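The shown structure was predicted, so the numbers you read here are calculated from the model rather than taken from an experiment. Just follow the structure's listing: the first ligand is 1, and inside any ligand the first atom is 1.
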Amino acid sequence: MIKRFLSYYVPHKKLFTLDFSSAVFVALLELAFPLAVQWFIDSLLPSGNWSMIVSVSAGLLALYIMSTLLQFVVNYWGHMLGINIETDMRQHLFTHVQRQSFRFFDNTKTGHIMSRVTNDLMDIGELAHHGPEDVFIAFMTFIGAFWIMLTINVQLALVTIIVVPFLIWLIAFCNIRMNKAWKNMYRDIAEVNGQVEDSVSGVRVVQSFTNEEYEISRFTKNNKRFRLSKLAAYKTMSFSSSGIYMMTRLFILIVLVYGAWLSFSGKLSYGELVGFVLYVNVLFKPIDKISALLELYPKGMAGFKRFTELIDTYPEVVNREDAVEVASLRGDIAFNNVEFSYDDSKTILKGIDLDIRAGETVAFVGPSGAGKTTICSLIPRFYDVNDGSISIDGIDIRDMTKESLRSQIGIVQQDVFLFTGTLRENIAYGKLHATEEEIRDAAKRAHLEDFINSLPYGYETQIGERGLKLSGGQKQRIAIARMFLKNPPILILDEATSALDTETELIIQNALTELAKDRTTLVIAHRLATIRNADRIVVVTEDGIAEQGGHDELIERGGIFANLHSVQYQRT
Ligand SMILES: Nc1ncnc2c1ncn2[C@@H]1O[C@H](COP(=O)(O)OP(=O)(O)OP(=O)(O)O)[C@@H](O)[C@H]1O
């Protein structure tokens, strides 16, 4: 884990070297300072040479200024190093999450991903800044100070060192407890994030059910749990820092008393005693540093562990090594004995055989939950089949690169997802570098032009978060405009015409008919009237494909479709 953590330093070698060498220099100056004080008291003061005292003080001042400048470098550049590493990791994580397969998003809470991208990475950044540098400097100053203390007075140095194992034990003990406490705290903040994400994005549903109080009480519970775990973490932290504080001060007192006694018996000069007390401070400073690091280390490492867990989740749908780029497909789709399940609990599709000719419009109908959407999700490889195969133009879709396959398929989802931004940006999502003319043409063909022209800001109108300032019909027309821009040979329309008034439905139906022209089109529809003109209707039930054929042919056959048709007809 540590090796992996350190690998993130590689692109920032120069910055690290600069920061690290400045830190070493600062530490060396710190080690030299008590020696200078000792020499000042023992040699310079008794000489009574005032001009020498002034020149030595001027020299010390120069050293101080240099040390201050270096402190700035250590502080600022050190933080820059941490921030750079944090930024790289965030980029890595976001890129990785974007490439995950659908199953990953089915099973991962958005709030947890948010926590990892924000809170976790901030702690990791701090650790990246302080970690290796502080450990090295701490060891260097500790060994350096102890060695100099031995040269001053062996007995006093040995007495000092006795306390170190106690301190180490205290630190190790606190470290274990803190590790656990931070882990709990992060688990609980991820829950809080998850709930905020859920309740805020679903606030319209919450308010329509007047369930605000319920959401607030759920949040209160999570928030309280987080408060308790954070309090527990800080209690452990406070216990550890006070323990360390108490031990270090107690020891300075012991050194002072023992040093005074050695001084009375003529074994230690005043300068040496002052120097020694100063060295005790220098000796304990690394321990303070390490204890601060121990507060940071478990937090940062717990975050880094969660970071690596995410990074190590490999996308399930990947390109084969010899996968081919398909430049343009005709759109002949074949399902060969396809079997599929989302998880081990239930097989959703079994023995699906289906041939769709290029340019054909095929409508999927059947009871809710039968697997119509699932069949269509398998074509762009949102999920891979468990058994059997799907091919387009005779090529197994697993032998094509995922990107080139998906570039040939356009999907108008049941629930159109729009991004915060302008109408133009949302239409252009179908072709990122589309020209102004292409965008206008797509809007026109999707019957959006009149609506856009009626807006004061036209294409530059902000549509609100997820397009909340638009009606359902307008959103669907944007989705259709995107498809005109993308211009794929294969089209999947997932209940694109549901929940609209008759006039809007007619407009959209016309747009869709134009969109479907010369493309292989798969329509998932519940409202049977809208698929009257499909070339073929495929009836999907839990047992697989129950029947297929033309509209009138199926009605005449008097099977499931005829039944569904008569039920809907009676209803309307
Ligand atoms: N992401 C998923 N993870 C696990 N199970 C799923 C997932 N999506 C769908 N299912 C299950 O798979 C089955 C088929 O769902 P699918 O959405 O394909 O049906 P459908 O025929 O399109 O239904 P509807 O007409 O209601 O949209 C259902 O039992 C559903 O619960």
Side-chain angles (χ1 to χ4, degrees), residues 97 99-110 112-113 194 197-198 201-202 205 313 315-317 333 335 337-354 356 361-388 390 397 402 406 409-417 472 475-476 479 490-500 505 512 521-531 534 536-548 554 559-561 563-565 567-568 571-572:
V97 167
R99 298 203 170 124
Q100 287 301 313
S101 303
F102 274 39
R103 213 184 294 269
F104 168 84
F105 296 102
D106 290 345
N107 301 322
T108 313
K109 290 186 188 167
T110 316
H112 282 208
I113 299 178
E197 152 79 21
D198 245 16
S201 52
V205 181
T313 316
E316 180 197 325
V317 178
I333 305 171
F335 281 68
N337 199 18
V338 166
E339 187 177 318
F340 176 76
S341 56
Y342 284 103
D343 46 48
D344 298 336
S345 65
K346 190 177 161 200
T347 303
I348 305 292
L349 303 173
K350 205 166 180 206
I352 301 288
D353 283 305
L354 186 66
I356 299 168
T361 296
V362 176
F364 291 87
V365 297
S368 176
K372 304 178 292 289
T373 311
T374 306
I375 289 181
C376 293
S377 316
L378 297 179
I379 301 171
R381 285 189 74 198
F382 289 152
Y383 301 89
D384 268 341
V385 297
N386 296 6
D387 210 0
I390 299 171
I397 54 171
K402 190 167 73 170
R406 290 179 187 170
I409 302 171
I411 302 166
V412 179
Q413 303 271 15
Q414 199 172 78
D415 190 11
V416 178
F417 193 99
K475 283 189 204 170
Q476 287 201 337
I490 299 167
L491 204 60
I492 296 171
L493 308 175
D494 190 353
E495 291 177 320
T497 58
S498 61
L500 298 172
E505 186 179 328
L512 284 174
T521 309
L522 285 74
V523 187
I524 307 161
H526 282 146
R527 312 206 309 126
L528 305 186
T530 58
I531 53 164
R536 190 156 34 124
I537 293 165
V538 175
V539 182
V540 183
T541 66
E542 288 211 351
D543 301 322
I545 295 175
E547 52 187 33
Q548 50 181 308
L554 288 179
I560 300 173
F561 181 74
N563 216 358
L564 283 172
H565 189 268
V567 171
Q568 272 203 7
R571 224 191 286 150
T572 48

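Of the listed options Thr347, Asn107, Thr374, Val365, Thr374 places a heavy atom closest to atom 18 (O) of ligand 1.
Proximity to Lys346 (heavy-atom distance under 4.0 Å) selects the following atoms of ligand 1: 29 (O). Distances below 4.0 Å separate heavy atoms of Thr373 from the following atoms of ligand 1: 17 (O), 18 (O), 20 (P), 22 (O), 27 (O).
Inclusion of Lys372 in the set of residues having an N or O under 3.5 Å from an N or O of ligand 1 is warranted. An N or O contact shorter than 3.5 Å is missing between Ile348 and ligand 1 by distance. Below 3.5 Å of separation, one finds no N or O of Ile524 facing any N or O of ligand 1.
The nearest pair of heavy atoms linking Glu542 to Gly369 is OE2-O, 4.3 Å. Taking every heavy atom of both residues into account, Arg103 and Glu316 meet most closely at NE-OE1, 2.8 Å.
Partners of Asp343 according to the side chain to side chain donor-acceptor pair (under 3.5 Å) rule, which considers only residues two or more places apart in sequence or in another chain, are Ser345. With sequence neighbours left out, Glu339 forms a side chain to side chain donor-acceptor pair (under 3.5 Å) with no residue at all.
Expressed to the nearest 0.5 Å, how far CZ of Phe335 lies from CG of Leu349 amounts to 8.0 Å.
Residues Thr374 and Tyr342 have side chains that bring a donor and an acceptor to within less than 3.5 angstrom of each other.
Close to ligand 1: Tyr383, with a non-hydrogen atom less than 4.0 angstrom away.
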